[in-house]
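So the structure is just underneath, and the comments pick up after that.
Residue numbering restarts at 1 for every chain, and letters A, B, ... go by the order of the sequence lines.
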Amino acid sequence: MALMDGNQGFAEIVLEWYGLVARDLPWRRPEAGPWGVLVSEVMLQQTPVNRVLPAWEAWMARWPVPAALAAEPSGEAVRMWGRLGYPRRALRLHQAAVAMVERHGGAVPDDLEALLALPGVGTYTARAVAAFAFRQRHAVIDVNVRRLIARAVEGTAEGPTAIGRRDLALVEDLLPEDAETAAQASAAFMELGALVCVARTPRCAGCPVRERCCWLIAGSPPADGPARKPQGYAGTDRQVRGRLLAVLRDADGPIEAALLDAVWDEPVQRDRALRGLLDDGLAVAVAPGWYALPGGVPADSIA
DNA sequence: TATCCGTGGCA
DNA sequence: TTGCCAAGGAT
């Protein structure tokens with residue numbers, strides 16, 4: 001459908017720019033396949049590209065298909081995850097691999113609904129896989145696209161907001177009709193947000209849509225809403241969980257509780273964090289006072 | 001809807 | 001140095 005506003009040609013401009021400067025990321029290559037795309041999308045959730053690159057290569061080399069991952073204990077996924085952060089993603093990716101073997105013959109499903117049903121796959125990831133792996137026409141909105149649209153189309157510098165149907169409809173209207181071109185445009189929007197229309201100091205001088213950017217034209221007004229809450233990390237349960245899991249990850253097998261006690265001196269918080277890891281399935285108690293990554297050495301093998 | 005969930009680079 | 005921020009998802 002023809003656009004009735006001033007956004008004709010928006011995708012075409014960004015696509016032309018993308019053709020000139022796009023990064024050669026391995027999961028964008030055709031040989032990556034749907035599984036490679038899915039793995040990359042999950043790893044990239046809240047983790048920068050540069051840190052994902054080596055982890056993705058190692059992961060794909062070890063588990064080139066979902067069935068290979070599904071055949072191993074979930075703890076191996078957690079171990080391979082290394083220090084990417086948010087290790088529950090590793091657990092869910094393993095669960096997703098199991099689900100794909102059980103429900104899809106070991107293949108990554110190609111429709112939005114089936115993708116959404118996979119553990120760890122939400123609105124963004126489902127659409128990204130459908131678009132980038134299967135070249136379908138879907139609006140793909142991550143934090144980069146959200147920011148780009150807020151500035152260029154809506155003329156605001158609003159902080160992070162939930163992505164709703166209205167946003168999906170708006171972005172879909174920007175997409176070219178042809179599915180393959182639309183998939184490229186989705187990648188191009190994300191790239192523009194990631195490289196030029198960045199959060200802190202946007203590089204507007206090098207932006208291909210600077211002449212039609214509503215935010216720039218309006219004088220780059222600052223965000224008016226309340227600043228978002230500080231993330232905070234030092235001293236939180238997340239930090240304690242991270243330290244505990246690092247010990248489990250770096251060990252070959254089960255370890256004594258004393259080794260875990262050494263990473264945090266406050267016992268109440270330490271115990272709460274460990275209980276959290278056990279509840280999440282990121283760790284298991286293999287015997288009284290002995291802990292390990294899940295699915296590893298059976299309890300009776302402890303000397 | 002707000003909160004929780006890791007980690008590290010960078011301005 | 002210290003916040004800010006990063007291809008979100010689950011509850």
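- C:dT1 and B:dG8 have their C1' atoms separated by 15 Å, given to the nearest Å.
- Judged purely by distance below 3.5 Å, without hydrogens or angles, the side chains of A:Gln45 and A:Tyr124 never pair a donor atom with an acceptor atom.
- Between A:Arg249 and B:dG6, a side-chain N or O to OP1/OP2 separation shorter than 4.0 Å is absent.
- In this entry the distance linking CZ of A:Arg51 with C1' of B:dG6 reads 8 Å, nearest Å.
- Atom name C1', nucleotides C:dT11 and B:dT1: the rounded distance is 11 Å, in whole Å.
- The distance from atom CZ of A:Arg241 to atom P of B:dT3 is 18 Å, rounded to the nearest whole Å.
- Taking atom P in both B:dT3 and C:dA7, the straight-line distance is 23 Å, to the nearest Å.
- Considering all non-hydrogen atoms of both residues, A:Ala183 and A:Gln136 come closest at CB-O, 4.1 Å.
- Ring geometry, A:Trp59 versus A:Trp81: the interplanar angle exceeds 60°, so the pair is classed perpendicular (tilted spans 30 to 60°).
- A 4.5 Å side-chain heavy-atom check between A:Pro267 and A:Arg270 finds at least one atom pair inside the cut-off.
- Listed in residue order, the members of residues 20-30 of chain A having a heavy atom less than 4.0 Å from DNA chain C are A:Arg23, A:Leu25, A:Trp27, A:Arg28.
- A donor N or O paired with an acceptor N or O is not found under 3.5 Å between the base of B:dG8 and the side-chain atoms of A:Thr47.
- As a whole-Å value, the separation of A:Arg203 CZ from B:dA11 P is 9 Å.
- At the heavy-atom level, A:Leu245 lies nowhere under 4.0 Å from the strands shown.
- For the 3.5 Å distance criterion, the side chains of A:Glu72 and A:Trp63 qualify, holding a donor opposite an acceptor.
- One can place CG of A:Asn50 at 11 Å from C1' of C:dA6, the figure rounded to the nearest angstrom.
- Each of A:Gly82 and A:Thr201 was matched to the nucleotide of DNA chain B holding its nearest heavy atom; the match closer to the 5' end belongs to A:Gly82.
- Atoms CZ (A:Phe132) and P (C:dA7) sit 12 Å apart, rounded to a whole Å.
- Of the residues A:Arg92, A:Arg238, A:Gln46, the one that meets the side chain to side chain donor-acceptor pair (under 3.5 Å) test with A:Tyr86 is A:Arg238.
- For residues 106-131 of chain A, proximity to DNA chain B is found at no residue, defined as any non-hydrogen atom under 4.0 angstrom from a strand atom.
- Going from atom CG of A:Asp280 over to atom P of C:dG9 covers 17 Å, rounded to whole Å.
- No more than 12 heavy atoms of other residues, nucleotides or ligands lie within 6.0 Å of CD in A:Glu16, so this atom counts as exposed by the packing criterion.
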Task: Residue pair A:Leu115, A:Arg127: steps toward the side chain to side chain contact (heavy atoms under 4.5 Å, CB included) verdict - done: CA-CA 8 Å; A:Leu115 284 164; A:Arg127 288 169 169 273; over 6 Å; no
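- The NE2-C1' distance, from A:His94 to C:dG9, rounds to 19 Å in whole Å.
- A:Arg212 approaches A:Gly9 most closely through the heavy-atom pair NH1-C, 4.1 Å.
- Considering only heavy atoms from C-beta on, A:Arg23 comes within 4.5 Å of A:Leu195 through its side chain.
- A 6.0 Å sphere centred on CZ of A:Arg166 holds no more than 12 heavy atoms belonging to other residues, nucleotides or ligands.
- The shortest distance between the side-chain N/O atoms of A:Tyr233 and the OP1/OP2 oxygens of B:dT7 is below 4.0 Å.
- Nearest-nucleotide assignment on DNA chain C puts the 5′-proximal partner with A:Arg200, out of A:Leu44 and A:Arg200.
- At whole-Å resolution of the value, CE in A:Met80 and P in B:dG6 are 19 Å apart.
- Taking side-chain N and O atoms only, A:Arg83 has a distance below 4.0 Å to OP1 or OP2 of B:dG8.
- Residue-to-nucleotide contacts include no donor-acceptor pair under 3.5 Å from the side chain of A:Arg238 to the base of B:dC4.
- Side-chain N/O atoms of A:Gln45 include none lying less than 4.0 angstrom from OP1 or OP2 on C:dA7.
- Set against C:dA10, C:dG8, B:dG6, the side chain of A:Arg92 has C:dA10 as its closest nucleotide.
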